[in-house]
Colleague: 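Got a structure for you, written out below as structure tokens; questions coming shortly.
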Amino acid sequence: MKHNSRRSFLKNTALAGAALAANRWIGGLAAAPSASGPARLYIDPAQKIASLDRKVFGSFIEHLGRSVYEGIYEPGSRLADAKGFRKDVLEEVRRMGVPIIRYPGGNFVSGYNWLDGVGPKDKRPVVLDKAWNTIESNQFGTDEFMQWCRLVGAEPLMGLNLGTGTPEMAAALVEYCNQEGGTKWSELRRRHGIENPHNVKYWCLGNEMDGPWQIGHMTAREYGLKARDCANQMRMVDPSLQLIACGSSSPGMPTYLEWDRQVLEECYDMVDGLSLHCYYRNDDQETGAAGDTARFLSFNLEMEEQISQIAGVCDYVKARNRSGKRLWLSFDEWNVWYRQRGGDGGRKRAPHLLEEVYNLEDALLVGGFCNSLMRHADRVRIACLAQLVNVIAPIMTNEDGFFRQTIYYPYVWAIQYARGDVLDLAVESPTYEVKGKGQIPYLDVAATMDGKTYSLFILNRDLVKPHDMEIVWREAPPERVLFSQVLTGADLKACNSFEDPKKVAPQTFEPPIIGTKTAIQVPAGSYTVIQFQ
Ligand code: AHR
């Protein structure tokens with residue numbers, strides 16, 4: 001079944017009746033609109049949610065469309081180095097500081113034989129990738145990915161084939177990657193010229209195995225048992241691994257939560273984390289009618305609801321098992337994605353697939369997702385913006401270079417400015433009504449504190465009005481502003497392109513005058529970052 005058929009299994013991502021689990025509200029009210037005055041934000045350094053695991057700002061590279069080929073790897077290009085890596089993209093990803101990158105899929109991984117992608121390049125087979133109906137040359141594989149990760153400074157998050165693949169071959173890949181030498185698979189790696197082990201710590205046990213579109217799709221019980229055996233064999237090779245079981249591929253799945261419960265009932269004690277995925281759309285999926293942007297900008301609160309629901313299932317199984325172990329969550333696919341859904345590569349090499357063009361409103365919501373991931377730092381340890389290059393991505397390439405899509409900016413701000421502990425903020429904000437969801441706060445704020453450095457991330461969902469906000473420092477206020485920028489604009493549908501690469505780009509945000517109370521004004525429809533010290 002092709003990826004497109006997934007459509008029929010997903011409801012519109014707008015869930016009904018979302019309880020808002022975002023910022024804490026003063027006085028325990030469900031929503032506390034500030035009367036007529038400015039919104040208010042109380043910052044208390046003693047109120048911490050958790051220390052931020054920066055792996056929540058990871059990304060994803062799949063053998064899909066032009067993500068690998070023409071994206072990060074293009075031998076023969078004047079922009080490539082001697083290994084065939086695109087130097088411009090490599091340098092950009094290194095500068096961004098992406099902390100962890102998932103690979104090689106995605107749907108692709110469920111039919112992938114990792115042996116096809118290692119060893120002398122002239123001996124690697126050309127195969128048909130059935131997930132995306134694409135010709136796969138295998139010129140880029142595990143060893144190239146590890147080399148590339150080292151060069152960009154990212155940690156690998158390796159996906160395993162639990163569709164057509166066996167636990168035996170999953171364990172063999174661990175041995176290939178992590179064993180020094182002296183065994184069949186580690187010696188194979190050494191014969192391939194890679195002396196030192198790659199030491200891969202984080203592994204995904206399959207991909208979206210709940211989805212009928214997935215190669216090797218199975219029931220939750222079957223998958224849970226396979227994941228258990230797989231984890232067991234992998235840990236025999238390397239007991240230090242961190243393993244992520246495949247959770248529901250979306251809250252719209254008919255088996256949502258039930259899948260997660262049954263899977264964990266089979267393998268809870270053998271895994272460390274559970275995966276979540278979700279893509280968000282600003283249209284009506286059934287009719288194709290244009291979406292409602294005010295509603296769309298509240299979808300990061302649905303991400304939070306999903307996190308809470310899945311965490312609830314994990315804790316239910318934990319309690320039933322009388323287990324002392326608390327699973328963490330890996331939100332290893334998330335993004336806006338609804339315009340370029342066609343997944344048929346027409347049996348071409350590196351076809352243009354899923355090349356979604358992002359606009360300003362998408363970027364604002366991506367900022368909201370970053371806020372939500374920060375606020376759930378106590379539970380989410382890994383998350384991946386899907387994906388990184390050319391395929392539903394912040395970076396788009398052609399043969400002459402690359403440009404940054406709108407979503408690049410909030411994502412990179414989160415990577416670069418969110419540090420240390422995430423603070424539990426109290427926010428007073430006016431609200432607006434979203435049908436079926438209740439009152440949504442206009443202002444969505446996340447903050448981190450690293451020593452004496454505070455970083456604030458503010459989404460203004462009000463598309464018409466700027467909002468004044470008073471920041472109340474519960475302890476000594478900072479002394480200066482280190483950085484302040486805003487992403488905003490008159491046209492929410494504006495996009496970047498090769499012709500106009502900076503149409504949507506950050507603007508300077510006038511640094512506020514700091515006092516015990518610090519007044520700022522955020523523009524209508526904006527995402528702002530301010531770093532204080
Ligand atoms: O990221 C694109 C695809 O979306 C992935 O291959 C799959 O896991 C998900 O359905």
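We count ligands from 1, going down the list as the structure has it; atoms in each ligand are counted the same way. Sequence positions, counted from 1, serve as the residue numbers for this chain. Values reported hereafter were calculated over all heavy atoms of this structure, with side chains retained and with hydrogens, waters and symmetry mates removed.
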Colleague: Give me the ring orientation class for Phe108 and Tyr112: parallel if the planes are under 30° apart, tilted from 30 to 60°, perpendicular past 60°.
Modeller: tilted

Colleague: Is the Phe299 to Phe369 ring centre distance short of 6.0 Å?
Modeller: no

Colleague: Show the atoms of ligand 1 that are less than 4.0 angstrom away from any heavy atom in Glu208.
Modeller: 7 (C), 8 (O), 9 (C), 10 (O)

Colleague: Is there a polar contact between ligand 1 and Gln387, counting only N or O atoms under 3.5 Å apart?
Modeller: yes

Colleague: With a 4.0 Å cut-off on heavy atoms, is Trp132 in contact with ligand 1?
Modeller: yes

Colleague: Trp337 versus ligand 1: do any nitrogen or oxygen atoms come within less than 3.5 Å of each other?
Modeller: no

Colleague: Any salt bridge between Glu136 and Arg349, counting N to O under 4.0 Å?
Modeller: no

Colleague: Establish, yes or no, whether a centroid distance under 6.0 Å links the rings of Trp148 and Phe140.
Modeller: no

Colleague: Do Glu333 and ligand 1 have an N or O pair less than 3.5 Å apart?
Modeller: yes

Colleague: Taking only heavy atoms of Gly106, which atoms of ligand 1 are found under 4.0 Å from at least one of them?
Modeller: 5 (C), 6 (O), 8 (O)

Colleague: If you count the atoms of ligand 1 from 1 in the order shown, which ones are under 4.0 Å from a heavy atom of Phe60?
Modeller: 1 (O)

Colleague: Asn335: heavy atom below 4.0 Å from ligand 1, yes or no?
Modeller: no

Colleague: Using a strict cut-off of 4.0 Å, indicate which atoms of ligand 1 neighbour a heavy atom of Ile392.
Modeller: 1 (O)

Colleague: When the aromatic ring centroids of His63 and Tyr103 are compared, is their separation below 6.0 Å?
Modeller: yes

Colleague: Run the side-chain contact (heavy atoms from CB on, under 4.5 Å) test against Glu258 and tell me which residues pass, sequence neighbours left out.
Modeller: Arg261, Gln262

Colleague: Compute both the distance and the angle, then confirm whether Arg326 meets the cation-pi test with Trp328: under 6.0 Å from the six-membered ring centre, within 45 degrees of the axis.
Modeller: no

